[in-house]
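Comments concern the structure below.
The basis for the numbers below is simple: all heavy atoms, side chains too, and nothing from hydrogens, waters or symmetry mates.
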Amino acid sequence: MSERACPLPRWPRLARRLHTLGWPLHRLARELGLRPSQVFAFHYGRTEMPAELRRRVERLVGLEPGSLD
């Protein structure tokens, strides 16, 4: 696989929820007050998302608490 190939999301449930909401990752980043590159790194597993931020994302998009663990 090429280094530039798009990896699978770390949290498929979050990806499905964002799709349902019609939110691209850029919108999630804006809602969280983060840079899009940070959110992309979290979403694709290149950087570990802090637990408190995972809880915040779950609340924001309407996922069950702990579903991003």
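When side chains are defined from C-beta on, Leu60 counts as touching Leu28, because their heavy atoms get closer than 4.5 Å. The shortest side-chain heavy-atom distance between Leu25 and Tyr44 falls under the 4.5 Å cut-off. The shortest side-chain heavy-atom distance between Val57 and Trp11 does not fall under the 4.5 Å cut-off. Residues Arg56 and Met49 have side chains not in contact (no heavy-atom distance under 4.5 Å, counting atoms from C-beta outward).
Leu53 and Leu32 get closest at one heavy-atom pair: CD1-CD2, 4.2 Å. Shortest non-hydrogen contact noted between His43 and Pro9 is NE2-CB, 3.3 Å.
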One pair to check against salt bridge (Lys or Arg N to Asp or Glu O under 4.0 Å): Arg13 and Glu64. What are the steps and the verdict?
CA-CA 10 Å; Arg13 178 180 275 173; Glu64 295 178 24; 5.3 Å; no
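One N or O on the side chain of Thr20 and one on the backbone of Arg16 form a donor-acceptor pair closer than 3.5 Å.
We find that Arg55 and Glu58 are joined by a salt bridge, their nearest charged nitrogen and carboxylate oxygen being less than 4.0 Å apart.
The aromatic rings of Phe40 and His26 stand perpendicular to each other, their planes meeting at an angle above 60°, with 30° marking the opposite boundary.
A distance of 13.0 Å separates CZ in Arg54 from CG in Leu63, rounded to the nearest 0.5 Å.
Within the structure, every pair that satisfies the salt bridge (charged side-chain N to carboxylate O under 4.0 Å, His left out) test and touches residues 23-45, not counting sequence neighbours, is listed here: Arg27-Glu31.
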